[in-house]
Enquirer: 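Next up is a structure, given as structure tokens.
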There are 2 protein chains.
Amino acid sequence: MTPSDRKPDLSAQIAQAIRDAIVEGRMIVDERLPSEAELADQFGVSRSTVREALKRLAAQSLIRTQRGAFGGAFVNRLSYQEAYGQHITTSTLLLSMNDVRFETACEARYAMERACAPLAAERRTPRHLSMMRTEIERQATASLSDEDFCASDVALHRALVDAAGNPVLSYQLAGAVEAMQPLMNMITFTARSREEIVALHKKLVDALDTRDAAAADTALHSLESYTLTLGRDVLAARARRSATA
Amino acid sequence: MTPSDRKPDLSAQIAQAIRDAIVEGRMIVDERLPSEAELADQFGVSRSTVREALKRLAAQSLIRTQRGAFGGAFVNRLSYQEAYGQHITTSTLLLSMNDVRFETACEARYAMERACAPLAAERRTPRHLSMMRTEIERQATASLSDEDFCASDVALHRALVDAAGNPVLSYQLAGAVEAMQPLMNMITFTARSREEIVALHKKLVDALDTRDAAAADTALHSLESYTLTLGRDVLAARARRSATA
DNA sequence: GCTTAATAAATGTCAGACAATTAAAAGTCT
DNA sequence: AGACTTTTAATTGTCTGACATTTATTAAGC
């Protein structure tokens with residue numbers, strides 16, 4: 001009855017049928033799907049329609065295709081790498097297209113980072129610490145552009161997340177952290193604010209170094225409120241500009 | 001040189017080109033893409049190839065299509081609803097296909113839930129509390145199947161996440177919580193274990209009711225370790241069975 | 001002015017052809 | 001027999017052209 005529940009395309013229906021089979025485990029990883037011609041027969045549609053369905057599934061990394069004899073479409077083992085990529089694309093678009101407030105995204109990001117701070121404090125390796133310290137040094141470089149500063153910030157926080165040693169957590173948080181980058185990029189980081197951030201980053205790494213979960217939590221809270229202040233200033237300045245213009 | 005860097009299909013290349021335009025903001029929401037025929041001209045390919053590219057984008061909810069005169073493909077505003085759906089599908093598959101250990105998924109899930117507990121304690125409305133209490137009552141019903149018990153568990157935890165009042169956080173966590181369900185479904189909940197879980201759920205809701213973030217955190221910690229125990233028992237039993245078989 | 005019919009633009013689907021790729025099978029030479 | 005080469009068959013990738021279906025606009029008729 002609603003305008004959106006009209007029957008979808010044949011290719012969408014077929015894609016959904018195969019997707020269900022994969023998600024419900026009726027088809028297992030690396031299993032070969034019937035050839036396009038066979039699928040066309042089975043579903044009673046043309047090969048073009050089947051191909052469109054398969055392309056939909058390929059776009060979600062559910063299948064991969066191989067040409068040639070004994071080729072075909074195979075159920076794809078979804079790798080963390082592929083899942084990361086999709087999650088980041090989706091999260092970035094979700095934020096940019098829905099006018100998500102800076103405060104909201106910032107809050108979500110730091111809430112999630114705090115979630116992995118205790119685990120990171122427990123499990124961080126020397127490699128994690130040195131990676132984070134390398135980024136902090138880079139951030140102290142005066143000649144760094146705002147964009148590069150942001151990128152380094154993301155790299156540091158990514159290291160924090162990875163230090164928790166839980167790939168599922170890393171996957172889930174990658175989207176939140178990376179998707180924030182475009183929002184962060186609109187901030188102009190003054191020399192003063194960079195100093196402040198670098199100091200807080202140092203506190204954070206030192207806390208992880210000494211396995212002090214509480215101190216790490218505090219550092220992240222400080223970082224959140226400071227980032228929030230910076231973001232608010234930018235938005236306020238922008239609002240003033242548009243009011244006078 | 002690696003086997004994977006061979007040039008992808010034309011339809012994949014075209015999809016990527018359009019995807020870049022959308023992600024980078026060169027095409028804005030609700031903007032109409034050229035017709036399939038025009039795109040075929042522009043890219044110098046046939047209409048079929050263009051269609052396959054568009055289906056890829058549609059599978060990611062990046063575009064929607066409308067038939068008829070003045071129809072065509074339009075840049076789609078990615079809704080939270082669509083993003084949820086994709087995130088859940090991806091997360092579920094990632095977990096089921098990569099032999100993620102129960103412990104890992106469980107840890108990630110509760111770490112993220114604890115992240116929103118303080119916000120939920122602050123912002124929960126009476127509606128959230130009553131929703132959670134309704135689910136707890138249902139969980140105390142002896143006749144409930146294991147599957148329904150799990151579903152109610154997910155509903156309760158979903159309410160907890162939503163109580164944090166941050167849609168971005170809700171989106172990110174939906175995947176983690178829902179993707180756990182298949183793993184949880186393998187657990188047989190005895191009457192004794194259900195009592196225990198219901199008691200912990202009550203503690204959690206009471207903590208939110210009194211806006212006691214620390215108590216909520218404690219309840220979630222207890223829930224995590226208890227869930228972990230249940231999961232480990234199941235896995236141990238399964239290991240015994242397969243050893244004797 | 002309102003209703004209805006024609007129109008045109010677009011996507012959806014189909015059929016058939018050929019190109020490109022690739023693993024297996026068959027053939028050939030030493 | 002074994003190593004190398006050629007052929008073959010299966011399968012995906014791409015193109016062309018046609019027709020069906022949908023739908024907003026336009027025109028016609030009353």
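All chains are named by letter (A, B, ...) in the order of the sequence lines, taking the proteins before the strands, and each is independently numbered beginning at 1.
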Enquirer: Are any of the side-chain nitrogens in B:R138 or B:E135 under 4.0 Å away from the carboxylate oxygens of its partner?
Expert: yes

Enquirer: May I ask you to check whether over 12 heavy atoms, not counting those of A:R64, lie within 6.0 Å of atom CZ?
Expert: yes

Enquirer: If you draw the axis of the six-membered ring of B:Y84, does the NZ or CZ of B:R158 fall within 45° of it and under 6.0 Å from the ring centre?
Expert: yes

Enquirer: Listing time: all N or O pairs from protein to nucleotides 11-17 of chain D that are below 3.5 Å?
Expert:
unit_1: D:dT11; atom_1: OP1; unit_2: A:R32; atom_2: NH2; d: 3.2
unit_1: D:dT11; atom_1: O4'; unit_2: A:G68; atom_2: O; d: 3.4
unit_1: D:dT12; atom_1: OP2; unit_2: A:E36; atom_2: N; d: 3.2
unit_1: D:dG13; atom_1: OP1; unit_2: A:T65; atom_2: OG1; d: 3.4
unit_1: D:dG13; atom_1: OP1; unit_2: B:D9; atom_2: OD2; d: 3.1
unit_1: D:dG13; atom_1: OP2; unit_2: A:R51; atom_2: NH1; d: 2.9
unit_1: D:dG13; atom_1: OP2; unit_2: A:R51; atom_2: NH2; d: 3.4
unit_1: D:dG13; atom_1: OP2; unit_2: A:K55; atom_2: NZ; d: 3.0
unit_1: D:dG13; atom_1: N7; unit_2: A:R47; atom_2: NH2; d: 2.8
unit_1: D:dG13; atom_1: O6; unit_2: A:R47; atom_2: NH1; d: 3.3
unit_1: D:dT14; atom_1: OP1; unit_2: B:L10; atom_2: N; d: 2.9
unit_1: D:dC15; atom_1: OP2; unit_2: B:S46; atom_2: N; d: 2.9
unit_1: D:dC15; atom_1: OP2; unit_2: B:S46; atom_2: OG; d: 3.1
unit_1: D:dC15; atom_1: OP2; unit_2: B:T49; atom_2: OG1; d: 2.8

Enquirer: Rounded to whole Å, please give me the gap between CG in A:L39 and C1' in C:dC14.
Expert: 17 Å

Enquirer: Please report the C-alpha distance between B:R109 and B:E224 in whole Å, then the side-chain angles of each, then the deciding distance to 0.1 Å, and finally whether the salt bridge (charged side-chain N to carboxylate O under 4.0 Å, His left out) criterion is met.
Expert: CA-CA 9 Å; B:R109 172 185 167 173; B:E224 178 180 354; over 6 Å; no

Enquirer: Would you name the heavy atoms of B:T90 and A:A83 that are closest together and state the gap between them?
Expert: CG2-CB, 3.9 Å

Enquirer: Which whole-number value in Å describes the distance from A:D41 CG to C:dC14 C1'?
Expert: 14 Å

